[in-house]
Amino acid sequence: MAGLELLSDEGFRLDGRRPSELRKIRLRLGVFDQADGSAYIEQGNTKALATVYGPHEVLGGKGKPLHDKVIINCQYSMATFSTNERKNRPQGDRKSTEMSLHLQRTFEATIQTHLYPRSQIDIFVQILQADGGNYCACVNAATLAIINAGIPMKDYVCACSSGYVNNTPLTDVSYLEESQGGPVVTVAMLPKSEQIALFKMDNRLHVDHLEQVLEVASKGCKDMYAVMNAAVKEHVSRMAKSMECS
Amino acid sequence: MLTSRSFVKKTRKGGVMKVVREHYLRDDIWCGSAACTKCPIDKPVLEKEPVPEVENTLCSYPHYLLLDTNVVLHQVDILEDKAIKNVILLQTVQKEVKHRSLPSYKRIRDLIANETKRFYVFTNEHHRDTYIEIEPKESPNDFNDRAIRKSLAWYDEHFKDTPIKIVLLTNDIDNREKARNEGRVAYTVNEYVKAMEGRPELMDRLAQIETKERERKANDSDITAPGGRNVLYPEHLSSYEINAGIKQGRYKKGTFKASRENFREGYVSVQGMEKMVFIKGLANQNRAVQGDIVAVEMFAESQWTAPSTVIAEDKGSKEDVLDEDTDNSHIGPKKGAVPTCRIVGIIQRNWRPFCGVIMPAAVKGGTKHLFMAAERLIPKIRIETQQYETLAGNRIIVSIDSWPRDSRYPLGHFVRNLGAIGDKDTENEVLLLEHDVPHLPFSEAVLSFLPKLPWTITKEDETVREDLRHVDICSVDPPGCTDIDDALHYKPLENGNAEVGVHIADVSHFIKPGNALDTEACSRGTTVYLVDRRIDMVPDLLSSNLCSLRGGVERFAFSTLWEMTPEAEIVNVRFTKSIIKSRAAYTYEQAQNKIDDKSQNDALAIGLRGLLKMAKILKQKRTDNGALTLASSEIRFSMDSETHDPIEVERKVMRETNSMVEEFMLLANVSVAQRIRQEFPQSACLRRHPVPPLSNFEPIIKVALTRGFELQVDSGKALADSLDKANIPSIPFFNQLLRMMTTRCMTQALYFSSGMLPEDEYLHFGLASPIYTHFTSPIRRYSDVIVHRMLAVAISADACFPELLDKAKIQEICDNLNYRHRMAQYAGRASVDLHTQVGMYSSLPV
């Protein structure tokens with residue numbers, strides 16, 4: 001691979017992480033009052049905001065209500081100021097449409113859709129700052145927002161990406177690492193049952209290495225889960241306290 | 001554990017862009033010392049009681065060394081000595097060295113990998129306490145120096161409760177003073193090495209940087225230095241000016257090649273220009289050394305000159321005058337003038353350690369000597385040494401350090417003494433070093449992957465391999481060959497066709513991808529044949545025993561089996577891994593005799609005759625296609641069996657059986673090439689021979705014309721035909737001479753990965769084959785090992801692995817193989833030359 005040495009011989013990545021370390025995570029639940037559920041997450045310099053509306057009746061002429069389950073409507077967008085060069089269109093381009101579809105698939109697989117027949121849930125995710133692993137940040141933010149909205153899910157969905165450099169798998173790749181052209185595997189996973197909700201791969205990776213890389217990605221998902229779970233618990237206990245007070 | 005800090009950076013990519021990157025500063029990077037009680041380290045690198053090997057009068061206390069960048073850059077030779085141990089290398093230093101000089105970086109990486117040297121890399125830029133930010137208006141150099149001092153302070157603090165001290169070694173006086181002012185221990189390398197008891201010869205190995213550095217700085221600023229010495233050479237342009245000039249087209253980039261005839265002349269092969277550009281005069285050459293990548297400025301046509309007809313050797317009579325007649329000012333182009341240029345700057349140096357001899361000092365008993373490299377194209381090098389008496393008459397290695405403007409010759413330092421001139425081992429060593437042939441004995445790690453003796457064929461092997469032990473196979477090789485990698489058989493079939501088999505030693509069975517044995521073989525690339533010595537690519541156990549298809553023993557082989565019609569048309573081809581038992585290992589001569597002896601009618605004799613018949617048809621077909629038959633002056637030595645001295649020189653005799661074996665090897669290679677190309681369209685390891693540009697043929701066309709023959713060079717076929725016609729009955733050697741010269745006009749054949757080139761460039765010009773590879777000598781060529789692996793995957797005999805599919809990786813291997821292959825050829829030729837000379841010398845009447 002040309003140019004940068006992504007992993008030094010001493011085992012450090014360019015930003016000082018070791019191969020198996022996630023970036024710093026900061027998150028908050030319930031950032032907006034008007035939406036039914038919302039959450040904000042920072043994974044390093046990638047920042048994502050998710051809001052959830054619903055379940056509510058099916059609005060507009062877009063989709064027909066389904067008699068046995070809820071319609072999940074996902075919309076992914078990137079703020080115009082989220083990248084190095086200002087973006088012209090926050091959504092509607094091919095990449096965003098694809099991302100929306102991926103998100104929809106992921107959450108159709110995890111939300112208990114049969115509980116709300118003939119209704120709809122809207123999930124809006126926006127990337128405020130992009131620095132690699134956008135999909136992962138979106139999934140994690142959306143999961144928190146759904147939990148915040150009180151919609152029952154089978155389990156958390158946590159997502160994490162991993163790359164492969166110098167025969168070593170790297171967790172949670174940053175934009176710099178993504179853009180070097182190496183393979184990147186993205187996994188969305190239900191951490192308790194270890195079921196995979198979505199699996200995506202960019203660039204070629206030999207099948208012999210796949211298991212190793214997948215292992216690292218799922219380890220990342222589980223670490224992610226631990227952080228998210230702690231945040232949810234803390235959020236709930238704070239809510240409970242404030243209710244007691246009032 | 002993590003602290004995060006972001007920093008802002010501007011990059012130039014079309015415009016100015018703001019880049020934000022995270023940087024995690026850690027508190028879990030350890031000091032790497034066994035003496036430390038604070039850091040939880042599993043495997044400390046630095047010793048607990050760092051007692052230096054050599055007593056040092058300056059630092060008689062236990063200490064670790066911390067190196068400055070310029071020390072690593074210029075003084076690797078010292079660092080490689082076993083007297084230097086327990087060294088802390090900072091990430092900052094490593095980064096800068098990598099940026100400035102890749103060869104130094106590689107050597108330092110080797111040092112780090114060597115456990116006995118105890119070099120520890122401290123990742124200071126990720127450490128919370130040693131990370132610093134660049135200050136406004138601070139130059140990168142000052143910033144790095146400050147980072148080094150910061151780490152020095154941290155280490156000092158860290159070890160303050162122990163008797164161990166940290167010593168900064170630097171070449172930069174400023175940095176030393178600053179460190180001392182901060183209360184640290186700092187010395188220059190010169191001071192440190194001088195204080196080493198009992199190793200005065202180490203002083204010679206110091207690069208001539210420190211003393212000259214300040215002088216040079218003064219010189220560069222003015223035409224005449226304050227001291228009064230003349231500045232001899234024009235200044236080099238900075239890399240910024242060069243890049244700008246190349247973009248604007250003012251300068252051109254090329255590789256400098258010194259002239260073999262005249263040391264004042266040279267040529268530059270400029271990219272995109274067919275002819276080499278001429279340079280006259282040392283001032284115009286401006287300190288370029290053979291192989292440097294340089295920037296040149298073309299002269300206007302009126303200033304062009306012609307190469308001189310005088311052969312001149314650098315006698316070095318006048319030290320401070322460069323060119324006696326460097327008047328480029330004569331008006332109007334001379335007769336026979338060629339494009340001429342001058343060198344304005346050096347883009348990349350091609351300096352490496354050179355072998356050669358030391359010359360006596362100008363003043364008797366002086367310490368300044370000139371060194372003459374074995375390679376004639378390298379200028380003399382000025383070195384300083386106290387030990388002339390021991391070095392005189394020996395082959396030594398010298399590195400170039402710098403070439404200041406006021407010095408007629410480059411400055412260098414002594415590295416190693418190889419041994420007495422004329423001693424055969426010494427001369428061989430020189431040869432191998434000059435051609436960069438790895439020739440150290442195989443390491444323990446490599447040997448550990450060899451199969452355990454006694455080696456037997458197991459039941460398991462028999463189930464996965466085809467049993468060809470009943471087939472009458474034999475091998476035909478030069479006399480004395482112990483690494484037999486091919487064997488043949490021929491069997492008439494009932495339908496009138498014949499089965500022909502080529503059996504190649506199954507080396508890839510013993511060398512599994514990725515282990516130390518494989519890596520070593522890959523880096524060696526090829527076996528190198530010197531006249532009296534063979535430098536094996538794989539250890540002897542494999543090359544002359546387990547893989548060698550010797551007569552009468554059972555061996556593993558990779559077999560190619562054809563069904564062929566009597567007209568040598570291929571009906572079908574099959575590849576299989578097999579077990580064979582060669583009936584006999586013939587020499588070319590024995591095989592020829594067996595064929596010619598009509599009284600012998602056993603299976604082998606019949607087989608050999610069948611093979612020879614087929615081979616003749618195949619050869620005819622190939623020649624009809626336009627394959628070239630070229631000649632080279634191959635000679636053989638008869639050796640004295642005890643002293644290994646050459647007794648007699650003779651030319652190699654070509655027998656029919658030589659070309660018979662060759663023909664089938666070609667056929668096997670082509671068949672295999674087609675097959676692996678099918679299976680690995682992107683990453684097949686193939687061999688191509690590019691069509692030589694027409695201009696290459698100019699000299700030979702001229703030569704042929706003097707005898708009245710016109711050579712057609714527009715296609716391989718035309719060339720082959722016209723070469724056949726160029727015969728002078730009275731001078732039988734003439735045709736062969738022409739063919740030898742044609743060989744010189746050819747381009748080199750190259751290995752490549754199929755995904756890197758369009759299909760029509762796969763062509764092998766010399767063999768007139770659209771596709772070609774090397775399959776038949778895996779014992780002595782690594783390319784064949786890769787091809788074996790690919791073919792094994794193609795016939796599902798072996799599992800695929802990632803590297804085989806990675807076209808970039810394969811190309812990388814191919815590039816190395818091309819280099820090694822070329823060097824091995826040169827080394828072989830040089831060895832023949834050496835022995836011819838030794839032979840002639842010793843046969844002189846006394």
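Note: hydrogens, waters and symmetry copies are ignored here, and every other heavy atom, side chains too, is used. Below, chains carry the letters A, B, ... as their sequence lines are ordered, and counting in each starts from 1.
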Q. Is it the side chain or the backbone of A/Glu85 that comes within 4.5 Å of chain B heavy atoms, both, or neither?
A. side chain
Q.
I'd like to know which of B/His127, B/Arg109, B/Gln91 tops the heavy-atom pair count under 4.5 Å against chain A.
A. B/Arg109
Q) Who wins among A/Asp131, A/Asp208, A/Asp9, A/Leu205 for the most heavy-atom pairs under 4.5 Å with chain B? A) A/Asp9
Q: Please check if atom NZ in B/Lys85 has more than 12 non-hydrogen atoms from other residues, nucleotides or ligands closer than 6.0 Å.
A: yes
Q: Indicate yes or no for a side-chain donor-acceptor contact from B/Ser683 to the backbone of B/Phe680 under 3.5 Å, with no hydrogens or angles considered.
A: no
(Q) Atom CZ of residue position B/Arg146 - does it have more than 12 heavy atoms of other residues, nucleotides or ligands inside 6.0 Å? (A) yes
Q. Looking at B/Thr519, B/Leu517, B/Asp518, which hits side chain to side chain contact (heavy atoms under 4.5 Å, CB included) with B/Val446?
A. B/Leu517
Q: Heavy-atom distances under 4.5 Å only: say whether A/Leu14 touches chain B with side chain, backbone, both or neither.
A: backbone
Q) In terms of heavy-atom proximity below 4.5 Å to chain A, should B/Glu125 be classed as side chain, backbone, both, or neither? A) neither
Q. What residue among B/Asp110, B/Val76, B/Val97, B/Leu73 forms side chain to side chain contact (heavy atoms under 4.5 Å, CB included) with B/Tyr105?
A. B/Val97
